[in-house]
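First comes the structure, then the notes that go with it.
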Amino acid sequence: GIPNCNRYSLNELLKKKRIERRIPQYSLPLAISCETPYMEIICRLLYYNKNEEDMCFNVLELSDRYFLLEYINLIQNGIEPYLLK
């Protein structure tokens, strides 16, 4: 799975906002539009880019994926993401 640091950070934020519910396990969603495992999608973002000459990853696309992971994990655990604003 992915490191617990994201789960820990979300649980700390939930605690700070006085929301009782916690995220017991951080899980990766199943990709809907393809059969590629989500972890492989993340790995591709880390190692490849659209401009092969530059050889750096797309930070905006990677941050978007992490945002979606947090959002999906909150919803899967019955927590409305807007409560953390």
Side-chain angles (χ1 to χ4, degrees):
I2 58 178
N4 286 331
C5 60
N6 290 338
R7 181 177 60 96
Y8 176 78
S9 297
L10 281 176
N11 283 334
E12 285 298 309
L13 185 56
L14 290 167
K15 184 178 178 181
K16 185 177 181 180
K17 296 285 186 171
R18 297 185 178 159
I19 298 171
E20 296 296 322
R21 190 163 247 169
R22 298 292 181 263
I23 298 174
Q25 179 180 341
Y26 212 74
S27 59
L28 296 173
L30 297 174
I32 296 170
S33 62
C34 64
E35 293 183 19
T36 306
Y38 206 84
M39 184 54 82
E40 188 173 326
I41 293 170
I42 296 292
C43 289
R44 286 181 187 173
L45 289 174
L46 290 171
Y47 293 111
Y48 303 106
N49 70 11
K50 295 181 181 178
N51 181 3
E52 292 179 10
E53 294 174 7
D54 201 17
M55 294 307 291
C56 64
F57 59 85
N58 185 333
V59 176
L60 295 176
E61 192 170 352
L62 186 62
S63 66
D64 182 53
R65 298 293 179 196
Y66 279 119
F67 167 79
L68 288 173
L69 284 174
E70 288 181 345
Y71 197 87
I72 289 167
N73 275 275
L74 287 168
I75 290 173
Q76 285 179 339
N77 286 283
I79 303 164
E80 292 295 330
Y82 71 86
L83 294 174
L84 299 179
K85 292 257 180 201

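What you see below is based on every heavy atom in this structure, not just the backbone, and it leaves out hydrogens, waters and symmetry mates.
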Pair Arg22, Arg7 - check side-chain contact (heavy atoms from CB on, under 4.5 Å), show working.
CA-CA 9 Å; Arg22 298 292 181 263; Arg7 181 177 60 96; over 6 Å; no
Going by atom type alone, with no hydrogens or angles, which donor-acceptor pairs under 3.5 Å involve a side-chain atom of residues 77-85 and a protein atom two or more places apart or on another chain?
residue, atom, partner, partner atom, Å
Asn77, ND2, Asn73, O, 2.7

How close do [X] and [Y] get, counting heavy atoms only, and between which atoms?
| X | Y | result |
| --- | --- | --- |
| Leu69 | Ser27 | CD2-O, 4.5 Å |
| Tyr66 | Tyr26 | O-OH, 4.5 Å |
| Arg21 | Leu14 | O-CD1, 3.4 Å |

Got a second to check how far Ile23's CD1 is from Glu70's CD, nearest 0.5 Å?
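Nearest 0.5 Å value for the CD1-CD distance: 8.0 Å.
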